[in-house]
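We're numbering straight along the sequence, starting at 1.
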Amino acid sequence: MTTEPSDDGGAQALIPPEFSEDQAAAIGLIADALSRAGVNLAAGNAKKLKGEQEGKTVAVLGKAGSGKTHLLAWLVDQLIGCGATQIVQEFDSRKKSAKKAVTFAVVAPTNKAASVLRTRGVAATTIHRILYSPLYDPDYEALAEWLSDPAANDRPDGVAGVSADALDRALAFYQRTKSSAAALASVGLRGADFITGWKRRDEALSIGLVDEASMLDERALDDLQEVFSVVILFGDPAQLAPVGQSGEMAFEKLPAADRHALSRVHRQAKGNPIIDLAYALQDDIEFQAFERMIERIAAEDERVVIEPRVNADLMARSPVLVWRNSTRIRLIAAFRAAHGLGDDALAPGEPLICDGVELAAKNRDKRVDLEQAGLVKGAQAFWLGPGKKPGFARIYVAGAPSPKMSAAAIIQIEKPGEEEPFIPTAARQGAVFVHGAACTVHKAQGSQWPTVQVFAPDLFAAARAGRVEAGAPLWRRLAYVAITRAEEKLVWATRYALRRPAEPLAADDLDAGPLL
């Protein structure tokens, strides 16, 4: 449902000319919600209100290309301009002045979704990291306070292992990433050196901006409403709902007046064939008719390509997206066989996907270090070789500040017809990886790649199964999520066949340019 902006004209004067009418209407809904937290977008100020205020949750919903992320980034700039204090991903200022301010945070349901936002210049963290606050060593607190506001805080002096030159480099890094942990890591200091423990957050925050809200379950939304007095959700109703919620998304239970649908494709997306295909899936279209549409577009636009075989060379740098886990395992086996890889070794440049971090509870600080290094669930990585210690591996993590690293790794490669995976590297605990040549559409949700290869036979199998999710055929939701993972180019693979690789696996190209 579309909600008109508030009558006071509040945010209208601030709206950039490139925003569409429905984005402007969304800002009206947002401005009204923000006023309950003491933010006046029209006046450009924020003042924490006295006494208990009634909470408010609103949702801005739109399909791919409707400008949700652009609107969220603009809103962050407006809140900072109003004087609101942003809570960044791993440091919550303990100064009384900050506690009296209007506070806000940008959060996402998963580490991967948060890291995608950070690559676009929006400082974001996970819901879990907002729910639980770290306890800091005083030296770290002083460093992080200074990094977050060097004009208002004294420059730290005499911190062990931190020279004046290192402080300057850390500050320059922080100003790019808005992450104190990453800034200190850039000069050789780990979060584990400073974080002494964790606790459930005992002080509420003012405003939560939540990206990828389609991935929220009801419990996560309840947690957000407990932490933030105002929650603003940004989500895509056409994506896949969380497992176990019968196809229903958490924001669908909000009153219709608190949901605004972005119905217009943002002008940057006009003429994009991938977005055209995504919107066609919202109509009552059959699978065969959709494939005919892909064929017509592919004949006219090089950004959409039809391949009779899965491209093994492309699988080495971005996973082919499938529906069924059994298909994923078979394609990975075919990829490794095509490269002549046996069961006892990995090859340099072989793709991996981080499946999380397995560490004992007492080592939670080390988990923070791995996450800050880029080893978040869903992160794309590449094997470079064995590490110097048993169970360690040298890997390249796409999109990480320092992509080459050595880490304790548990690498699992499943094989068709076998219950136990092949484990070429097995540390007692550390980062867990699965093979990255193929990935299910469900697991790819929240990720993006420049070029994406979709395995059409699996989507056809979903269409023949006749399954429905939230009132729409499952195959359409799968196809929508799969093709919108592509930023620039879509490859539609039509047969159960693999094109042999033209080049052997190697790692030389990894430093040539961005993979994500």
Side-chain angles (χ1 to χ4, degrees), residues 1-12 14-15 22-62 68 71-87 99-109 124-125 127 130-131 201 203-237 248-262:
M1 174 176 178
T2 301
T3 304
E4 293 299 325
S6 54
D7 292 335
D8 61 5
Q12 292 295 311
L14 299 171
I15 298 172
D22 58 344
Q23 285 176 315
I27 291 172
L29 177 68
I30 292 169
D32 180 66
L34 292 178
S35 67
R36 303 193 184 206
V39 174
N40 188 325
L41 286 181
N45 58 50
K47 183 177 181 181
K48 198 164 188 177
L49 302 177
K50 295 181 179 179
E52 292 290 331
Q53 304 294 319
E54 183 180 357
K56 184 69 173 177
T57 299
V58 299
V60 177
L61 310 175
K68 297 186 300 297
L71 180 57
L72 188 155
W74 175 86
L75 186 56
V76 169
D77 289 341
Q78 295 302 308
L79 287 170
I80 293 172
C82 287
T85 299
Q86 184 172 11
I87 305 302
K99 297 305 180 185
K100 294 179 181 179
V102 173
T103 53
F104 77 96
V106 181
V107 300
T125 186
I127 295 170
I130 282 294
L131 294 177
R201 179 177 292 277
E203 185 164 351
L205 301 175
S206 307
I207 303 159
L209 309 179
V210 187
D211 195 32
E212 295 287 357
S214 59
M215 300 170 69
L216 289 178
D217 57 25
E218 292 180 13
R219 180 175 179 179
L221 182 56
D222 289 342
D223 285 337
L224 288 167
Q225 291 169 331
E226 181 181 328
V227 171
F228 299 105
S229 59
V230 172
V231 178
I232 301 172
L233 307 174
F234 293 84
D236 187 340
E248 187 177 49
M249 298 176 184
F251 50 67
E252 292 177 355
K253 294 189 176 181
L254 295 176
D258 293 334
R259 288 179 277 140
H260 175 89
L262 297 175

Does Ile130 reach the side chain of Leu205, with side-chain heavy atoms less than 4.5 Å apart?
-> yes

Is Lys253 salt-bridged to Glu218, going by a charged N under 4.0 Å from an acidic O?
-> yes

Polar side-chain atom of His260 near backbone of Ile30 as donor-acceptor pair, under 3.5 Å = no

Between the main-chain N or O of Ser206 and the side-chain N or O of Thr103, is there a donor-acceptor pair closer than 3.5 Å?
-> yes

Answer yes when Asp258 and Lys56 have at least one side-chain N-carboxylate O distance shorter than 4.0 Å, and no when they do not.
-> yes

Is the side chain of Arg259 donor-acceptor paired with the backbone N or O of Leu254 at a distance under 3.5 Å, no angle test?
-> yes

When rounded to the nearest 0.5 angstrom, what is the spacing between CG in Leu233 and CD in Glu212?
-> 12.0 Å

Verdict with reasoning, Leu72 to Lys68, per side-chain contact (heavy atoms from CB on, under 4.5 Å) = CA-CA 6 Å; Leu72 188 155; Lys68 297 186 300 297; over 6 Å; no

Quick one: which of Val76, Ile232, Val60 gives a side chain to side chain contact (heavy atoms under 4.5 Å, CB included) with Leu71?
-> Val60

For Phe251 and Ala59, the nearest pair of non-hydrogen atoms, with its separation, is CB-CB, 4.1 Å

Tightest non-hydrogen contact, residues Ala46 and Ala84, listed as CB-N, 4.3 Å

Please round to the nearest 0.5 Å and tell me the distance separating atom CG of Leu209 and atom CZ of Phe104.
-> 6.5 Å

Of the non-hydrogen atoms in Ala26 and Leu262, which two are nearest, and what is the gap between them?
-> CB-CD2, 4.2 Å

If you round to the nearest 0.5 Å, how far is CG of Leu221 from CG of Leu216?
-> 6.0 Å

Cys82 to Val39 - nearest heavy-atom pair and separation = SG-CG1, 4.3 Å

Point-to-point distance, once rounded to the nearest 0.5 Å, from CE of Met249 to CG of Asp217 = 12.5 Å

Would you say Asp236 and Leu61 make side-chain contact, with heavy atoms under 4.5 Å?
-> no

From Ile207 CD1 over to Ile87 CD1, what is the distance, rounded to the nearest 0.5 angstrom?
-> 11.0 Å

Gap separating the CZ atom of Phe234 from the CG atom of Leu75, nearest 0.5 angstrom | 5.5 Å

Exam field: side chain Lys47 to backbone Gly38, donor-acceptor pair closer than 3.5 Å | no

Would you please test Gln86 and Ile80 for side-chain contact (heavy atoms from CB on, under 4.5 Å) and show each step?
-> CA-CA 7 Å; Gln86 184 172 11; Ile80 293 172; 3.7 Å; yes

Where is the tightest heavy-atom contact between Val230 and Ala33, given as atom of each residue plus distance?
-> CG2-O, 3.4 Å

